[in-house]
Chemist: 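Take this structure, written in structure tokens, and hold onto it; I'll ask about it next.
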Protein chains: 2
Amino acid sequence: MINTGTRLQQVKTHLLNYISQNKLKRNDQLPSEASIAKTLGVSRNTLREAYISLENEGIIMRRHGVGTFVANSPLIRDSLNDFAPFAQIIKDGGYTPSFKTISVERITPPVDVYKTLNISPADQVRRIKRIVLADEKPVIYIEDYLSPLVQAEVPDWSQFNGKMVDFLAAALNTRLQQIQSNIRAAALSSQISQYLEKEVGTPVLSVRSTIYTVDNQAVSYSQIYFESDIVELNIVRMIRTH
Amino acid sequence: MINTGTRLQQVKTHLLNYISQNKLKRNDQLPSEASIAKTLGVSRNTLREAYISLENEGIIMRRHGVGTFVANSPLIRDSLNDFAPFAQIIKDGGYTPSFKTISVERITPPVDVYKTLNISPADQVRRIKRIVLADEKPVIYIEDYLSPLVQAEVPDWSQFNGKMVDFLAAALNTRLQQIQSNIRAAALSSQISQYLEKEVGTPVLSVRSTIYTVDNQAVSYSQIYFESDIVELNIVRMIRTH
DNA sequence: CACAAGAGATTGGACGTCCAACCTCCTACA
DNA sequence: TGTAGGAGGTTGGACGTCCAATCTCTTGTG
């Protein structure tokens, strides 16, 4: 068994490998909690938590009195149940992803930005404009606003994988606590239309995310626009009646 | 303590009541796991699961070595972390919700509907068209397609609270397993524009949800259009680095 | 042959215990 | 006075145990 992370993580990794190595498909049954627990040398409790966690992620289904089964192919998992970076989402959709950083600059923040980041209007923030391309076609436009609290530099924005959380976690001393996201539909503005190469007024998915530290400090505010013809958000929610 | 549901549910209900009764605000500290467990007469394990569950719902934050705190006001919780019915979402936004059922009819299903429900094109399905109003202004348009497997009638659609899951759970013998939702931006079509009373082409949030039973039978397919000026989706995700 | 009862397997729920990791704050010592 | 270190409280993680609830399949009985 893999020796990194908590035992729960190790068990989850093992199970995911088990599913892919045995080429298990939707509705294929997994071994019982007791038997896997014995095989891996962990308590049934721990194994059960791994099963529950995977069920919450929409990968398996557990059925009382019957057994545990594969739900969906892990390949079509989505961006909101986990923190899959953009590259993965696009790859999963069968496209080749690439990134392009348009600009990195220090600016005086717009109203919504300094209000959200809870800083003074005079404070300078860093704005990073990027686009994500699928097979060379721009599909996502990203504007990140970094609070002055974030000093670290990204060595190479063009290699940045799109997971702002990972960058911030490494750049800050303080722990991150949560991401609040807001999803709405918007009409493509003229400024952004040049990047997404779509007509002004085209409906796009607008996601605004704020990342907070454990001290409730907002450290990053991102506006993301999804070209809705190719990229879409998917969510799987389990229904438990018990 | 309340005597309904599992002990975990009872504990969660107790904690929610505790927060609202003591008018706890963001960052207010909750009693430690050990002390509440003792007070309620449950094991620390059970209480911990309740705390974890509430954290996943974005209601509280737990901080290793420090304590547990209130995250957001439970009032601004959203539609994707839990299954809040539309009425609640609108009420939370400070509006008065009302419902209007436009039509309930048996029809021959469109392609995407019979494909999703996995039935024959000749099978008849029930289509329910409804709108949700906030302060008399239409803000959500809903088209539900019920599989022929669902025989039960809703006694009064106008009183229906918008939770299709609850209705289906009661109407079917089989257990429900999961909801798959797909979110994208769309331009308002002419048919729907008459209900949402907005110009054709206005960007709207389009959410398509399919409800599956434990047998992987799709039993309901819904297309929901959100008027994005008033209604929006919010998601809170906790970041755990451990 | 039909159907009810029961055995066996599986997940669901809860408890009690133990130690690790983490954070805060106070105290003692240089 | 400043700082290192430790005490004490809190959450994190894992284990082992017990019984309930649910489902399937076999077996026995009318």
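Just so it is clear, the values below take in all heavy atoms, side chains as well, and ignore hydrogens, waters and symmetry mates. Chain letters run A, B, ... following the sequence lines, proteins first, then strands; residues in each count from 1.
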Chemist: Which residues pass the side-chain hydrogen bond (donor to acceptor under 3.5 Å, both in side chains) test with Gln29(B), not counting sequence neighbours?
Modeler: none
Chemist: What pairs with Val150(B) under side chain to side chain contact (heavy atoms under 4.5 Å, CB included), at least two apart in sequence or on another chain?
Modeler: Arg126(B), Leu146(B), Phe167(B), Leu168(B), Ala171(B), Leu172(B), Val219(B)
Chemist: Under 4.0 Å between a side-chain N/O of Thr68(A) and OP1 or OP2 of dT11(C), yes or no?
Modeler: yes
Chemist: What's the closest nucleotide to the Arg48(A) side chain, out of dA14(D), dG13(C), dA14(C)?
Modeler: dG13(C)
Chemist: Regarding Tyr51(B) and Glu49(B), is there a side-chain donor-to-acceptor distance under 3.5 Å anywhere?
Modeler: no
Chemist: Output one line per pair: protein atom, nucleotide atom from nucleotides 15-21 of chain D, and distance, for all N/O pairs under 3.5 Å.
Modeler:
| unit_1 | atom_1 | unit_2 | atom_2 | d |
| --- | --- | --- | --- | --- |
| dC15(D) | OP1 | Arg7(A) | NH1 | 3.3 |
| dC15(D) | OP2 | Ser43(A) | N | 3.2 |
| dC15(D) | OP2 | Ser43(A) | OG | 3.3 |
| dC15(D) | OP2 | Thr46(A) | OG1 | 2.4 |
| dC15(D) | N4 | Asn45(A) | ND2 | 3.4 |
| dG16(D) | O6 | Asn45(A) | ND2 | 2.1 |
| dA21(D) | N3 | His64(A) | NE2 | 2.8 |

Chemist: What residues form a side chain to side chain contact (heavy atoms under 4.5 Å, CB included) with Lys25(B), not counting sequence neighbours?
Modeler: Lys23(B), Asp28(B)
Chemist: Rounded off to whole Å, could you give me the CD-to-P distance for the Glu49(A) and dG13(D) pair?
Modeler: 9 Å
Chemist: My understanding is that only residues two or more places apart in sequence, or in another chain, count here; which of them pass side-chain hydrogen bond (donor to acceptor under 3.5 Å, both in side chains) with Arg48(B)?
Modeler: none
Chemist: Taking atom P of dT11(D) as reference, at what distance in whole Å does atom CG of Leu8(A) sit?
Modeler: 20 Å
Chemist: Is there any salt bridge (charged side-chain N to carboxylate O under 4.0 Å, His left out) pair reaching into residues 29-43 of chain A, and which pairs are they, with sequence neighbours excluded?
Modeler: Glu33(A)-Arg44(A), Glu33(A)-Arg62(A)
Chemist: To the nearest Å, give me how far apart CD1 (Ile36(B)) and P (dG9(D)) are.
Modeler: 17 Å
